[in-house]
Structures are given as structure tokens and as C-alpha cells.
Protein chains: 2
Amino acid sequence: MSMRQAPTRALDATTAASQVYAALKRDLIRGRFVAGEKLAISHLRQTYAVGLSPLREALNRLAAYGLLAQENQRGFRVPALKRRELDDIAGLRQQFEVQALEAALRHGDAQWEAELLAAFHRLKRADEQPDALEHWEQMHLQFHRRLLEPCGSVWLLRFIEQLHDQFDRYRRMAPAHQDLRAQLDVQHAELVELALARGVAAARELIHAHIQLSYDVAKSACSE
Amino acid sequence: MSMRQAPTRALDATTAASQVYAALKRDLIRGRFVAGEKLAISHLRQTYAVGLSPLREALNRLAAYGLLAQENQRGFRVPALKRRELDDIAGLRQQFEVQALEAALRHGDAQWEAELLAAFHRLKRADEQPDALEHWEQMHLQFHRRLLEPCGSVWLLRFIEQLHDQFDRYRRMAPAHQDLRAQLDVQHAELVELALARGVAAARELIHAHIQLSYDVAKSACSE
DNA sequence: TATGCTGAAAAAATCGATTTTTACTATGAC
DNA sequence: GTCATAGTAAAAATCGATTTTTTCAGCATA
């Protein structure tokens, strides 16, 4: 038998804690939980079919990331959607992404251009997938990640990602958020063009406006 | 007996997980662990005298915060100190804190001035405490927190705190970091003066130079 | 009616045992 | 000697039971 067995470590071998983390994070951003709601741990255990330890580890990670609020001896809560906080998040996003985009246009090479085009293509074709809605969101996130990737600052990218996740929780809770997609996709095409042409000034303007567009819709998700 | 019992919920009643989190965080920033070192969980259990669950929850939080690296099925590791990353962290710190300080000078009120003076006073008197070194570090952190507090952006403050913690891990690992204190303290006094006088332009310069001073020393902590 | 107390039920947090995975060492084939 | 493999020790991850804390309904008191 020279036929090799499957390698000892499967490629997707990840811990239960990481899987619950990813699933919970997705559902939180998706808006599957009511803002302000208290999480019933024993209920989550059933929903996500995991034991207590990995579940609690995932909840702790999410709290440290800012997608959950942890209260002293009384568990975890989904943060409320506050207008004040949305303003804060959107403003910083605009500032950080304008800055990162400029740096990315200055540093990005041919390899980056190719990957950006690939990401854009996948975004355009997102409707054809099953569960088109969620798939578009995935591709959208990946497109923006790719766009800023060569900016040169790992920590800036980290903060941008975190703000993006926070922001999306508001945007996707807004009633009219799906009507936005067509408009956003036009801007995505323009962003790609400007990126390839290294149109720094115009790109800065556009990414700012791009965020503003979602921001204006996201406002309607806030209670206060 | 009308004498009240101690209230049911003590003021410092916090979970074991939170306590280990705080202790581990302090020790990581202090440099009690070797950079790059793999953490032996069963050993930590004894050192911090806690059970497995709260310990693992603390480790997960620290990993999400960026003070630990989590590797797929092989536990937790203390991140290495890389020159590239220090440059990234220091640069963003300068940018963010300059911005936050300007906003704080514009928005801070009389109450803030009073609290800033109080924090500065505690910092000056830090030597008189037992364990003067660690106490100065505590007061130093609190002084800078207080200084930027009224800047108006909760998320910016959050990122600044995170970068500060990262930065301090480098600074406190540097051999000569203690010789810095006298120089830093001079700048702290000047920062207070400029804050009260609302000298925006000068304050921006000074906070930038303040970070630069530590940055230059912190560089010596890096391996690569 | 409002306030405070009491105790049962529910929920959160913690523990130590068990299972799973990785790391390491020794052995044997080429 | 190098490489692959098997077996064993160690470590990480997970589980369900136990302990601790909170919540809340019912009752008593002013």
C-alpha cells in the first residue's frame, strides 16, 4: 500500500472554539440577534451544537473584539445600536480608509492589481451563487480588504477591519440596506479603475463618499 | 441589630477570569515572559492559582486583544518583538495621539483640568510608593488616559490604549528604559501646562516628541 | 402602596476528568 | 546516513458535573 492516507492534519482542522467564534461573529454582524439582547448561554449551546468551554471561549474573544458586551457576573449582551457610536465609527472609518487607500495606491504592485481585479470579479458574480445575499457580503468584505492590503500598516488594517465589522452591524440592521447594493457596486468599479490608474486624489474622494453612502442608510438602524 | 451587613455584592467582586486576565496582561506588558515563548498552560495554572476554564478564557481575551498569539491546535505564544511592528505601532500612536490631544484641548472643561492635575500629581508622587517602579507605570498610563479622555471618540481612545499597551511591551523590554523617566516627567509637566493654556500647536508637537523619545529607546528591544 | 427580606429557581462561572491532537523518540527500511 | 513510520509522552481542547452568584416571586413590614 504505497497510497498515502489523508494527511494527519486536515487543512480545515480548526478548533470548536474557533468555529463557534466565526459562526457567532457572522450572525452578530448579520443581525441575527436583537440589539441589546442578553445571550442565553445554554440556548447558544444547543443552537451551535458545542460544549460549554469552547462556547465561552468564543464569547470572551468576541467581547474583547467589541462585538459583545461582558457584564460582571451576569453574562454576555449584544451591544445596543447607538447613533453616537455609529457617528464615531463612521468618522474613523472614513479617516482611516482614506489614509490607507492612498498608501495602498502608492505601494501596490502588479500582483496586487491582479488580485484586486480577481476580487472585483468575484464580487460582480456574487448574485449567481446560492444564498446570494450573504455571498455578496462576503465578497464585498474581501474586496475592501484586498483594496487596502498593501497600505503598509498591519495595525491600521486591523483597526479598519474592526471598524468595518462594527459598521456593518449597523448597516445590515437598516431596513433599506439592500437597495444600496447597486449604487455601491458602481463605486466599486470606479475604485478599481482609480486604483489601477493610481488616481490618488480622486480615490480618496471616492472612498470617503463610498462610506458616506452606507453611513446615511445605516443611521436608520439606530434607536437613539 | 440594625448594623448593616457588608453589601451582597462587594465592590471588587470580579470573576476569576477577569483577575487572571488583568494579572497576565500586566505581566506580559511588564516583560515577565520571554518574547516568542510558548506558554505552558498547566504551569500558568499554578502560577496564577486558577482553574483551567477561567485561565483559558483570559488567554482567549488576550489573544483577541493582540497581546498573545493563538496557534491552531497548539496553544498560546508570546508574540516576538519585531522592529517592523514597533515602527508601525509607534507611527500610528503618534498620529492618533496628536489628533486626540488636539480634540481634547478643544473639548476639555474645568472638571477635566482638575482631574488632569490630580493625575499629574499622583504621577509626581509615584516614587514614594512601595514598588515605585510599577506604581509609576500605573500612574503614567492613567495620566495619558486622562489627558486624551475628552477627545470625543470612544473608538479612537480604545485604539490608542491598545497601541499604548503594545508599545509599552517594547519600551519596558528595552535595557535603558528606566533612564528615560526623568526626561519623560519633564515633558509631562509641560503637557499639563499646555493643556491648561490650550496651546494646541505646541501640544501637538510635544506629544509627538514625547512618543518619539520612548520610541528611540524601545528600538533596542527588538531582535530583528 | 412602597420597601425590604427570604428562599427557591435560574443562570453564570468554575472545576477536574476525559478526549483529542501534537511533539518527540526510537526503530527499521532503503 | 537519511527518511519514513510507529509508538509513547505531553500538551491542548473539550466535556459534563459542581459551585457560586444573580434573579425573581412571595411574603412580611411599615
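Within every chain, numbering begins at 1; the chains are lettered A, B, ... in the order of the sequence lines, protein sequences first and strands thereafter.
As rounded to whole Å, 13 Å separates atom C1' of C:dA11 from atom CG of A:Leu44. In this structure, B:Arg56 atom CZ and C:dG16 atom C1' are separated by 14 Å, rounded to whole Å. Summarising the geometry, the separation between CG on B:Leu59 and P on D:dA12 is reported as 10 Å, rounded to the nearest angstrom. Note: CD (A:Gln73) to P (C:dA12) measures 12 Å, nearest angstrom. Remark: P of C:dA11 and CG of A:Leu55 are 15 Å apart, rounded to the nearest angstrom. At whole-Å resolution of the value, CD in B:Glu71 and P in D:dA11 are 15 Å apart. Rounded to whole Å, atom P of D:dT21 lies 17 Å from atom CZ of A:Phe76. Residue A:Arg45 contributes atom CZ, which lies 13 Å from atom C1' of C:dA11 at whole-angstrom precision.
Ring pair A:His140/A:His210 is perpendicular by interplanar angle, where above 60° counts as perpendicular and below 30° as parallel. Between B:His144 and B:His164, the ring-plane angle classifies as perpendicular under the 30° and 60° cut-offs.
Residues B:Leu52 and B:Glu57 both approach DNA chain C. Their nearest nucleotides, taken by heavy-atom distance, put B:Glu57 toward the 5′ side.
Taking 4.5 Å as the limit, some side-chain heavy atom of A:Leu184 sits within range of a side-chain heavy atom of A:Ser214. B:Trp136 places none of its side-chain heavy atoms less than 4.5 Å from the side chain of B:Leu141. Under the 4.5 Å side-chain criterion, counting only non-hydrogen atoms from C-beta, B:Leu86 is not in contact with B:Leu81.
Phosphate proximity of C:dA10 to A:Arg74: absent, as no side-chain N or O sits under 4.0 Å from OP1 or OP2.
Closest to the side chain of A:Pro54, from the set D:dC15, C:dC15, D:dT22, is D:dC15.
Of the N and O atoms on the side chains of B:Glu134 and B:Gln129, not one donor lies less than 3.5 Å from an acceptor on the other residue.
B:Asp168 pairs in a side-chain hydrogen bond (donor to acceptor under 3.5 Å, both in side chains) with only one of the listed residues (B:Arg171, B:Gln166, B:Arg172), which is B:Arg171.
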Original post:
So A:Glu37 and A:Arg77, salt bridge (Lys or Arg N to Asp or Glu O under 4.0 Å) or not? Walk me through it.
Top reply: CA-CA 6 Å; A:Glu37 172 187 10; A:Arg77 184 175 294 280; over 6 Å; no
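Around CZ of A:Arg125, the count of heavy atoms belonging to other residues, nucleotides or ligands within 6.0 Å does not exceed 12.
DNA chain D contains the following stems of three or more consecutive Watson-Crick or G-U pairs, with both distances under 3.5 Å: C:1-30 with D:1-30.
Using a 4.0 Å cutoff on non-hydrogen atoms, the parts of residues 34-42 of chain A near DNA chain C are A:Lys38, A:Leu39, A:Ile41, ordered by number.
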